[in-house]
Asks: 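Before I ask anything, let me first share the structure, which is written out below as C-alpha cells.
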2 protein chains.
Amino acid sequence: LIEVSNITKVYRVGDLEHWVLKGISLSIERGEFVVIMGPSGSGKSTFMNILGCLDTPTSGTYRLEGMNIGGLGRDELSEIRNKKIGFVFQNFNLIPRMNALENVELPLLYNGVTKRNRRERAKRALELVGLKDRESHYPNQLSGGQQPRVAIARALVNNPAIILADEPTGNLDTASSEDIMALFSRLNAGGITIIIVTHEPDVALYGRRVIRFRDGMVIADERRSPS
Amino acid sequence: LIEVSNITKVYRVGDLEHWVLKGISLSIERGEFVVIMGPSGSGKSTFMNILGCLDTPTSGTYRLEGMNIGGLGRDELSEIRNKKIGFVFQNFNLIPRMNALENVELPLLYNGVTKRNRRERAKRALELVGLKDRESHYPNQLSGGQQPRVAIARALVNNPAIILADEPTGNLDTASSEDIMALFSRLNAGGITIIIVTHEPDVALYGRRVIRFRDGMVIADERRSPS
Ligand SMILES: Nc1ncnc2c1ncn2[C@@H]1O[C@H](COP(=O)(O)OP(=O)(O)OP(=O)(O)O)[C@@H](O)[C@H]1O
Ligand SMILES: Nc1ncnc2c1ncn2[C@@H]1O[C@H](COP(=O)(O)OP(=O)(O)OP(=O)(O)O)[C@@H](O)[C@H]1O
Ligand SMILES: [Mg+2]
Ligand SMILES: [Mg+2]
C-alpha cells in the first residue's frame with residue numbers, strides 16, 4: 001500500500017542546513033496498525049506530512065498503491081488526499097469560522113455528497129467521538145480535548161482507506177483517549193490502515209507494529225505478535 | 001495569594017445556556033505546587049483563564065494578593081498579567097510572525113527591559129527548555145513538542161510570582177516532559193507558585209496538592225504528604 005524509498009527532507013534556516021529526514025525506507029501493507037514513536041524533533045510529523053501528500057521530500061520516492069506520488073500534479077494530489085487519506089493533524093487545523101459540524105462535513109464537499117447526506121454523516125462521525133452535543137460550537141468554544149476529537153471525526157467521515165493521526169490523544173484525558181483508540185481499533189478491524197504518531201506507551205499498545213524515529217532516521221521497526 | 005469565592009461561568013450557544021463553572025471556591029497559598037485534573041470539558045481551562053486574568057467570571061469574586069480582580073480596569077489587569085503571572089496556554093498562542101526568541105522576549109517588552117538584556121534573558125529561558133538551537137525558527141518551523149516549550153520559556157522569562165500552565169506536557173515525549181517538570185520543581189523550590197492542569201498521572205506526582213474538576217465543580221481537593 002505504502003512504499004517509501006530513501007526519503008530525505010532538508011530545511012534551510014538562515015544559512016544552516018538541517019536534515020530533518022536522513023533517508024527513510026520502509027513499506028506498510030494494507031490493513032496494518034502502525035505506531036510511530038520517537039523524541040521531539042526526530043522527524044515524525046515531517047514524515048507523516050509526506051505520507052499524507054501534504055509535503056514533498058527533498059529526495060527519494062513515495063509510492064501509494066503503486067503510484068509514484070512525486071510525479072503527480074496538484075489536482076491529482078488533492079484528489080488522493082480527499083479520497084484515500086484521513087489526516088488528524090498535530091495542531092488539528094480546524095477552520096475557526098466553521099462550527100464543529102461544518103468542519104467535519106468539509107471532506108464530504110469534495111466527494112459530491114448531497115447536503116442532507118453530508119449533515120447525516122458528519123453528525124454520526126461527531127457522535128462516534130463523543131461530541132454529539134457540540135455540533136454548533138466553534139473551535140474557540142471547544143475545550144482542548146474536544147478540538148482534537150473534531151479533527152478525528154473529520155478524518156473518519158469519508159471512510160478513507162488510510163488514517164494518518166499525528167498525536168491524536170495528546171490532549172485527551174484517559175477515558176477519551178481509550179475511547180478514541182478503541183474506535184481506531186474497530187476501524188482497523190474493518191480494513192482501514194491506521195498509522196498513528198504517539199508519545200504514549202499505552203497508546204502504542206494498540207498497534208501491531210512500532211516504528212521508532214531518532215534524529216531523522218528509523219532506528220527500530222518491530223512487529224508485535226498478537227496478544 | 002489566590003482566593004476565589006463562588007466563581008461561575010455561563011456561556012450561551014444558540015438559545016442553550018451552558019454552565020461551565022458552577023460555583024468554585026478555594027484558596028491557594030504562596031509557594032504551593034498545585035495540580036488540576038479532570039475530564040475533558042470539565043472547566044479546567046476556563047478556570048485557569050479566570051485565574052490568569054484573561055477572562056472574567058459570570059459571578060463570584062477573585063482576589064489576587066488581596067486585590068479584587070473584578071474591580072480592575074483594563075490597564076491594571078494588563079499590568080498584573082505581565083508582571084505577576086506567567087501563562088502557558090493549552091494551544092501555546094505563539095505569534096506566527098515572530099521567531100522563537102522574539103516570542104520569548106515579548107513579556108519583557110512590557111517591563112522596560114533593555115534590548116540587550118531582553119535578548120540575554122530570552123536566550124537563557126530557551127536554553128532552560130532545551131531549545132537553544134531553535135532561536136531563529138518560526139512557530140511553523142518547530143515541531144509539536146518544540147512549540148509548547150517556547151510557550152513555557154515565554155512564561156518563565158519575567159520571573160513571575162505565579163506560573164499557570166495548561167497542559168504544558170500534553171505534546172511532549174517522556175524525556176522532555178520530565179525535564180520540564182523538573183524545571184517547574186526547581187522554580188517552585190525558588191518560591192514561585194505553580195498551578196498546572198494535566199491529564200497525566202505522572203505529571204500530577206510533582207504537585208503537592210491535587211484539585212479535581214468534574215462538570216464545572218471541584219469534587220476533590222487533596223494535599224499530598226511530602227514523599
Ligand atoms: N467560548 C465558549 N463558548 C461556549 N462554550 C464554551 C466556550 N469555551 C468553552 N466552552 C465549553 O466549556 C466547557 C469547558 O471547557 P474547558 O476548556 O474549560 O474544558 P477543559 O476542562 O479545559 O477541557 P480539556 O481537558 O478538554 O482541555 C466545554 O464543554 C466547552 O465546550
Ligand atoms: N518548515 C520548517 N523549517 C525548518 N525546520 C523545520 C520545519 N519544520 C520542522 N522543522 C524542524 O524539523 C525537526 C523535526 O520536526 P517534526 O515536526 O517532524 O518533529 P516531530 O518528530 O514530529 O516532533 P514532535 O514529537 O515534537 O512533534 C524539528 O527540529 C523542527 O524544528
Ligand atoms: Mg510532531
Ligand atoms: Mg482545557
Asks: With sequence neighbours excluded, what pairs up with A:Phe89 under the ring-ring contact (aromatic ring centres under 6.0 Å, His included) test?
Replies: A:Phe87
Asks: Could you tell me whether a side-chain N or O of A:Asp173 sits under 3.5 Å from a main-chain N or O of B:Ser40, the two making a donor and an acceptor?
Replies: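 A pair under 3.5 Å: yes.
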Asks: Are there over 12 heavy-atom neighbours, none belonging to A:Arg212, within less than 6.0 Å of that residue's CZ?
Replies: no
Asks: Quick one: of A:Pro39, A:Ser176, A:Ser45, A:Ser177, who has the most non-hydrogen atom pairs under 4.5 Å with chain B?
Replies: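 Greatest number of close heavy-atom pairs with chain B: A:Pro39.
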Asks: Which of the residues B:Lys44, B:Glu167, B:His137, B:Met37 is involved in the greatest number of heavy-atom pairs with chain A at under 4.5 angstrom?
Replies: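 Max contact count across the listed options: B:His137.
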Asks: Which bit of A:Asn171 comes within less than 4.5 Å of chain B, counting heavy atoms only: side chain, backbone, both or neither?
Replies: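 Both backbone and side chain.
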Asks: Identify the residues of residues 142-154 of chain B whose heavy atoms come closer than 4.5 Å to a heavy atom of chain A, ordered by number, or report 'none'.
Replies: B:Ser143, B:Gly144, B:Gly145, B:Gln146, B:Arg149
Asks: Can you tell me which portion of B:Ser136 sits under 4.5 Å from chain A's heavy atoms? Options are side chain, backbone, both or neither.
Replies: both
Asks: Can you tell which of A:Leu16, A:Thr198, A:Leu172 has the highest number of heavy-atom pairs within less than 4.5 Å of chain B?
Replies: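 Sorted descending by pairs with chain B, the first entry is A:Leu172.
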